[in-house]
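To start, the structure itself, in structure tokens.
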Amino acid sequence: MSTELHQPSEIQRGRIAYRRRQTIRSVLLAALSTAVVGVLLMVAVTGAPGWDRVKQSFFSPEVAWRWLPQILEGLWLNVRLLVVCAGLALALGLLIATLRTLRGPVFFPVRALATGYTYTFRGLPLIIVIYLMAFGVPGLRLQGTPGVLVLGGAALVITYGAYLAEVFRAGIESVHPSQLAAARSLGLTYRQTMRHVVLPQAIRRVAPPLLNDTVALQKDVGLVSLAGPIDAVRAAQIGVAQDANYTPYIVAGVLFVLLALPLIGVTDWVTLRAARRQSAGA
Amino acid sequence: MLLSCEHVRKTFGSAVVLDDLSLEVDEHQVVALIGASGSGKSTLLRCVNLLTDIDDGTIRLDGEDITDPRVNPDEVRQRIGMVFQSYNLFPHMTVLRNITLAPVRVHKRSAAETREQALQWLDRVGLADKADSYPDRLSGGQQQRVAIVRALVNSPRLLLLDEVTSALDPELVGEVLTMIRGLKDEGMTMVLATHEMGFARQVADRVVFLDGGRVLEAGPPEQVLGDPTEARTRQFLARIIEAGRL
Ligand SMILES: Nc1ncnc2c1ncn2[C@@H]1O[C@H](COP(=O)(O)OP(=O)(O)OP(=O)(O)O)[C@@H](O)[C@H]1O
Ligand SMILES: [Mg+2]
């Protein structure tokens, strides 16, 4: 009530002044050391004997400008693919993790399948999954085989679904058994307990690693170019081949980083919030 | 008779935790389970609530054998309320949602009606202003009172209380005990495991002394706590008195 009226004592005023001086000192120190490191790096790179040639073949403004539209167009494909694949992979991961918690002999085959799936696809390199899906599945010559884009996307979903399932499972197992006991004692069924008590707590707890895997996925979306669709990486590759200049790769790389920044920002924010909540709850 | 346990046996691996245990609880009766740590009080309550399977014997609720494997345990638990030593409120839900979850999802009652009833209960136990708080903002005593309300809104036939005050600071114990005393006056049937002998004496109609998973002595509180026949009971009470809890 009287916090506005409270006058800090002599000692507290001294503490505040001291902390302020310390803050100013550390800001100045940080600025100085950043400047020193920056200048040293600059000198090291631009002073290197091959710098002029590297600048020519990696940082050519004309080449960058010429290929930017195609790369951007390709990036739009990456963005759409990312959104769809991330959504599907999260759903698949949650489903697999939930299946693995089912008890009872009836569910043995389901559990075994789910476990086998996570073991296999966490070990299998994504590139191989993409090749198998994009070139192997059409080889079967089945009726209605989807295009390579869908098959490549499916490879991403299957692989990331396995990672995300493990993240979800860790979250589910981190919910204390006493929470289950409390929910069951209220008469909630197993399904209601999972849906209202276990999963909400589990997902909150693993939100940071889930988002982190989504950032990884956003990079790996570029790998579908191996199967043929013209995404940002493939567009850059075409540019590199035509102009005999690596600048388009740099352009695509910068765009990927820019695309990831918001997602990384959200991840950091969520992580920080989770950490705060933990320390407040303890 | 509301609850009867007949020759119940429960083992964990090679350890026999409940051994040929029989116990009867009449409607509106309050039974206090006392006994040393590890004597099986919590295990008995968990067995009655079907949170774990028993290895032999029968448990009946309103005459129905609830340990029959054909009985749906979810349906049985809807008729029994249970409150835990560590409150076990759901941390991601407000106090109000903690209370209304089961009535709405399990008993399919209308959200508005349940909310009304929950607020009335909170008001009664002096927590009306906490309805929208999250559990981690409440003191232990407040959390435990919410946990009791959460069990009560389902109108259980039987309320199981497992050392509901032993995680609380001494000055918070009183508010929870007052609430339980109020429930007794309303005729709620309760089985409570407790280390609070003074409270057991005040509120219980019958005190049951468990020792090594068996009922060693049972009877009115004055007799079991005041003039026990068994040497083990006397020993236990002497230790309790030494610890200043009687
Ligand atoms: N899940 C379990 N697995 C193995 N042993 C268990 C399990 N639960 C309880 N026990 C054992 O059963 C015995 C009785 O435990 P219980 O919790 O019922 O005692 P209690 O009378 O409630 O004790 P306290 O007063 O300390 O709460 C103890 O020896 C304990 O180690
Ligand atoms: Mg116990």
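In what follows, chains are A, B, ... by sequence order, proteins preceding strands, each numbered from 1.
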Given the options B:Pro135, B:Ala147, B:Pro91, B:Pro156, which has more heavy-atom pairs under 4.5 Å with chain A than any of the others?
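The answer is B:Pro91.
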
Proximity breakdown for B:Leu89 and chain A, heavy-atom pairs closer than 4.5 Å:
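Only the backbone of B:Leu89 comes within 4.5 Å of chain A.
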
Taking atom [atom1] of [X] as the centre, report whether more than 12 heavy atoms of other residues, nucleotides or ligands fall under 6.0 Å from it.
{"X": "B:Glu171", "atom1": "CD", "value": "yes"}
{"X": "B:Lys184", "atom1": "NZ", "value": "yes"}
{"X": "B:Arg60", "atom1": "CZ", "value": "yes"}
{"X": "A:Ile11", "atom1": "CD1", "value": "no"}

Using every non-hydrogen atom in the two residues, find where A:His196 and B:His92 come nearest and quote the distance to one decimal.
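Residues A:His196 and B:His92, closest heavy atoms: O-NE2, 2.9 Å.
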
Which heavy atom of A:Leu188 sits nearest a heavy atom of B:Val106, and at what distance?
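Smallest interatomic distance, heavy atoms only, reads CD1-CG2, 3.6 Å.
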
Give the interface residues of residues 49-57 of chain B toward chain A, defined by a heavy-atom separation under 4.5 Å.
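Answer by number: B:Asn49, B:Leu51.
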
Taking heavy atoms only and a threshold strictly under 4.5 Å, list by residue number the residues of residues 61-85 of chain B that touch chain A; give 'none' if the list is empty.
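Within residues 61-85 of chain B, near chain A: B:Asp74, B:Arg77, B:Gln78, B:Ile80, B:Met82, B:Phe84.
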
Check whether A:Gln179 gets within reach of chain B through its side chain, its backbone, both or neither, counting any heavy atom under 4.5 Å.
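Both backbone and side chain.
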
Check each atom of A:Arg184 against the heavy atoms of chain B and say whether the ones under 4.5 Å are side chain, backbone, both or neither.
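For A:Arg184, the contact with chain B is made by backbone and side chain together.
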
Would you say the side chain of B:Phe90 lies within less than 4.5 Å of the side chain of A:Val198, judging by non-hydrogen atoms?
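Side-chain contact under 4.5 Å: no.
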
Quick check: does any side chain N or O of A:Gln192 sit under 3.5 Å from a backbone N or O of B:Arg105, one acting as donor and the other as acceptor?
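It does hold such a pair.
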
